[in-house]
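Only one structure is covered here, and it is reproduced in the block below.
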Protein chains: 2
Amino acid sequence: MAAATPSNPPPLLADPPPGSGTRARIRHAAARLFARRGYAGTGLKQVATDASAPFGSIYHFFPGGKDALAEDMIRTTGPQFMALVLGLLEERDDPVDAVVHAFDSAARDLVASGYADGCPVATMALDVVDTNETLRGAAADVFAEWIDGGTAWFSRHVSPDRARDLASAMVMLVEGAFLLGRTSRDPEPLRAAGRSMATLLAAAR
Amino acid sequence: MAAATPSNPPPLLADPPPGSGTRARIRHAAARLFARRGYAGTGLKQVATDASAPFGSIYHFFPGGKDALAEDMIRTTGPQFMALVLGLLEERDDPVDAVVHAFDSAARDLVASGYADGCPVATMALDVVDTNETLRGAAADVFAEWIDGGTAWFSRHVSPDRARDLASAMVMLVEGAFLLGRTSRDPEPLRAAGRSMATLLAAAR
DNA sequence: GTCTATAGGGCGATAGAC
DNA sequence: GTCTATCGCCCTATAGAC
C-alpha cells in the first residue's frame with residue numbers, strides 16, 4: 001500500500017473553477033500564458049481575453065502592470081509546483097520508487113497537456129534573466145526554495161551534504177527533461193531523468 | 001599529460017573578428033541577442049545596431065526575416081556548442097575526470113560572461129515551442145544531435161544502452177545547471193552537475 | 001547592393017465614461 | 001468598481017532612393 005493517497009491533483013495550469021472572481025481568472029490566464037510563451041511573448045490583451053475580463057481590470061487588480069503580474073505568477077506557481085512534486089514523492093514508501101514514480105507521473109502530465117505545460121518558471125526565468133532584475137530575483141528565490149525543500153526530503157534517506165547534491169540534481173534533471181520533452185514532443189527524457197535520479201539516489205545511500 | 005591540447009577556444013558568443021563582413025556581423029549579433037533575450041524579446045532593430053549594419057541589410061542577407069535568422073542561429077550555434085563540449089572532454093584522459101573538467105570549465109565561462117551566456121538554444125526553444133513549429137523542430141533536431149554525439153562519446157567507456165542514458169542525463173544536467181546558474185548568478189549548479197554526472201558515469205562502468 | 005523612410009499593426013499603459 | 005477608447009511607442013516588414 002502506498003504511503004499516501006494518490007491525490008491525482010488537477011494540472012497546475014488547468015482552467016480555473018467556474019465562478020472564480022475576475023482577479024483569480026486574470027492570475028490564472030497570466031500564469032498559463034507566461035509559462036507557455038514567456039514574458040515578452042505574452043500580451044496583456046491576450047491575458048484579458050483568455051480571462052474573459054476587461055482589459056482595464058488587469059490594472060485594477062495589478063496596479064504594477066505586467067511586471068507585477070509576472071512576479072505574482074512566479075512566486076505563486078513556484079511553491080505550488082514544489083508541493084505537487086513533494087506530493088508525488090509521498091505516494092511511494094521506498095525513496096527510489098518514489099523518485100521514479102514522480103518522473104513517470106510528470107511524463108504522463110506532460111503528454112496530457114499536449115507538451116504545453118512543463119516547469120511554470122523556467123521559460124520566464126530564461127526570458128528575463130538578462131533584462132529584468134526583479135523577476136530574475138523572484139525566479140532565483142523559487143529555485144532556491146525548491147533545492148531547500150528537496151534537500152529536506154532527501155535528508156530523510158541520506159546524509160545532509162549528499163542530500164543537497166541530490167536535490168540540485170533533481171531540480172536540474174526536471175528542468176532539462178521538461179526542456180527536451182517539450183521541444184521534442186516526447187515523454188522519454190522525463191523517464192530517462194527518473195532512471196538517472198534513481199541511480200544517483202541509490203549510489204548515495 | 002592531457003589527451004589533447006587545452007585549446008581554450010573563444011567564447012561561443014564573443015565579438016566577431018574585426019573585418020568580418022556584414023552578413024557575419026548580423027548572424028553574430030542575432031545569435032547573441034536571441035540566446036540572451038529569447039525570440040520575442042529580441043528586436044531586429046537591436047540586431048542591426050549591435051551588428052553595426054543598416055536595418056535593411058538584415059532582409060538583404062536573410063530574406064526570410066526574423067524566423068530565418070532564428071533558424072540559422074539555432075542550427076549554427078547548436079553544433080558549435082556540441083563541438084566545444086566534446087573538445088573539453090578530450091582534454092582529460094580519464095572519462096570521469098573529463099566530465100568533471102568540462103562542467104568546471106563551463107562554470108568558469110559562465111562567470112566570465114557575467115552569467116549572460118549559457119546554452120545558446122534553450123531560451124529560444126522554450127520561447128517558441130508553443131508558437132513556432134519550424135523553430136521548435138530546429139531546436140529538437142539540435143538536441144537530438146547532442147544526445148547522439150554524447151552517446152557516441154560515452155560508448156567509448158560503457159555499453160551502448162547505458163551510454164544513451166548517460167548522454168541524456170548530461171544534456172539535461174547541463175541545461176538545468178545553466179538555468180539555475182544564470183538565474184541565481186552562481187557557478188555552483190554547474191559544479192554540482194559535474195559531480196552528479198561523475199557519479200552516474202562511475203556507476204555505469 | 002547599401003541604406004533610409006515609412007507603412008501597418010500590436011504593445012503596455014492610461015484617462016475617463018458609466 | 002467595471003469597462004472602453006485611445007495614446008505613444010516599438011515592432012516586423014517593405015518600398016524605393018542612391
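Reminder, nothing fancy here: chain letters follow the sequence lines and each chain counts from 1.
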Legend entry - Pairs flagged by side chain to side chain donor-acceptor pair (under 3.5 Å) wherever residues 51-74 of chain A is involved - sequence neighbours left out: A:R27-A:D72, A:Y39-A:D67, A:D67-A:N132, A:E71-A:R75
Inset, instruction - Before accepting this row, confirm whether a basic side-chain N of the pair A:R32/A:D50 lies closer than 4.0 Å to the acidic partner's carboxylate O. - result: no
Legend entry - Approximate separation, where rounding is to 0.5 Å, of B:T183 OG1 and A:D141 CG: 11.0 Å
Inset, instruction - Identify, residue by residue, the members of residues 52-63 of chain A with a heavy atom below 4.0 Å from DNA chain C, and return them in order of residue number, or none. - result: A:F55, A:Y59
Legend entry - Pairs touching residues 95-107 of chain B that satisfy side chain to side chain donor-acceptor pair (under 3.5 Å), sequence neighbours left out: B:E91-B:H101, B:R92-B:H101
Inset, instruction - Provide the full list of side chain to side chain donor-acceptor pair (under 3.5 Å) pairs with a residue in residues 113-124 of chain A, sequence neighbours left out, each pair given once. - result: A:R36-A:D117
Inset, instruction - Could you check which residues of residues 131-139 of chain B get a heavy atom under 4.0 Å from DNA chain C? Sort them by number, please. - result: none
Legend entry - Note, A:F55 side chain near A:K45 side chain (heavy atom, < 4.5 Å): yes
Legend entry - Partners meeting ring-ring contact (aromatic ring centres under 6.0 Å, His included) with A:F178 (sequence neighbours left out): none
Inset, instruction - Not counting sequence neighbours, which residues clear ring-ring contact (aromatic ring centres under 6.0 Å, His included) with B:H157? List them please. - result: B:W153
Inset, instruction - Can you tell me which residue pairs pass the ring pair (Phe, Tyr, Trp, His ring centres under 6.0 Å) test with a partner in residues 129-151 of chain A, sequence neighbours excluded? - result: A:F81-A:W146, A:F143-A:W146
Legend entry - ring-ring contact (aromatic ring centres under 6.0 Å, His included) partners for A:F103, two or more places apart: none
Legend entry - A:I147 CD1 to A:M172 CE distance, which is reported to the nearest 0.5 Å: 7.0 Å
Legend entry - CG-CG distance between A:L126 and B:L179, expressed to the nearest 0.5 angstrom: 5.0 Å
Inset, instruction - Using a strict cut-off of less than 4.0 Å between a Lys/Arg side-chain nitrogen and an Asp/Glu carboxylate oxygen, indicate whether B:D148 and B:R164 qualify as a salt bridge. - result: yes
Inset, instruction - Any chance you could measure B:R37, atom CZ, to A:D127, atom CG, to the nearest 0.5 Å? - result: 11.5 Å
Legend entry - Within residues 44-51 of chain A: residues closer than 4.0 Å to DNA chain C (heavy atoms): A:L44, A:K45
Inset, instruction - Using chain B heavy atoms and a threshold of under 4.0 Å, write down where along DNA chain D the contacts begin and end, 5' to 3'. - result: D:dC11 to D:dT14
Inset, instruction - Could you grab the distance from atom CE of A:M73 to atom CG of A:L69, nearest 0.5 Å is fine? - result: 9.5 Å
Inset, instruction - Rounded to 10°, tell me the angle between the two end axes of the helix from C:dG1-D:dC18 to C:dC18-D:dG1, each built from five pairs. - result: 10°
